[in-house]
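Heads up: the structure comes next, in structure tokens.
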Amino acid sequence: MLTPERTPRQRIIDLMTGTRLSSYQLAQMLGICERQVEEHLTHVVQTLARARTKKFILDPAFCHDCDFVFRDRRRLTSPSRCPHCRSESIAAPRYGIDSVGSGTSRVDSNASR
Ligand SMILES: [Zn+2]
């Protein structure tokens with residue numbers, strides 16, 4: 001059973017573990033707006049930077065039209081337009097958390113359901 005006290009940040013970490021989600025998907029799952037998700041993610045990144053067992057993964061955004069990848073992008077928000085071909089058909093960046101070391105590669109036995 002999950003404690004009702006779980007913070008959005010902990011829930012984000014739970015949701016992202018072992019998978020990749022866009023901020024839009026996280027927003028839908030948590031019932032908050034994307035901007036809030038991005039704010040939480042910034043802190044999640046900082047938290048995980050110190051963690052030994054988990055690693056934050058960022059699949060960068062890319063352009064559907066010319067396959068330009070936004071590799072250098074540091075911010076977590078998704079870009080609105082491709083600097084290469086000006087297309088607005090941008091695939092949003094996706095975030096995930098992988099467990100590192102300690103043998104177990106999957107953390108799904110403790111899932112909420
Ligand atoms: Zn492009």
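Whatever order the structure lists them in is the order used to number ligands and atoms, beginning at 1. What you are looking at is a predicted structure, and each value in this text was computed from that prediction instead of being measured.
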If you define the side chain from C-beta out and look only at heavy atoms, does anything of Val100 sit under 4.5 Å from Arg52? no
Can you give each donor-acceptor pair under 3.5 Å made by side-chain atoms of residues 57-66, sequence neighbours left out, with the distance rounded to 0.1 Å?
| from | atom 1 | to | atom 2 | distance (Å) |
| --- | --- | --- | --- | --- |
| Asp65 | OD2 | Ser87 | OG | 2.5 |

Heavy-atom neighbours of Arg9 CZ exceed 12 at 6.0 Å: yes
Membership question, hydrophobic clusters at under 4.5 Å side-chain separation (ILVMFWY): are Val45 and Ile32 in the same one? yes
Heteroatom count (protein N, O or S) under 2.8 Å of the Zn ion (ligand 1): 4
Can you spot which of Lys54, Lys55, Arg20 makes a side-chain hydrogen bond (donor to acceptor under 3.5 Å, both in side chains) with Asp98? Arg20
Can you check side-chain contact (heavy atoms from CB on, under 4.5 Å) on Met29 and Leu21, steps first, answer last? CA-CA 10 Å; Met29 290 165 154; Leu21 296 165; 4.0 Å; yes
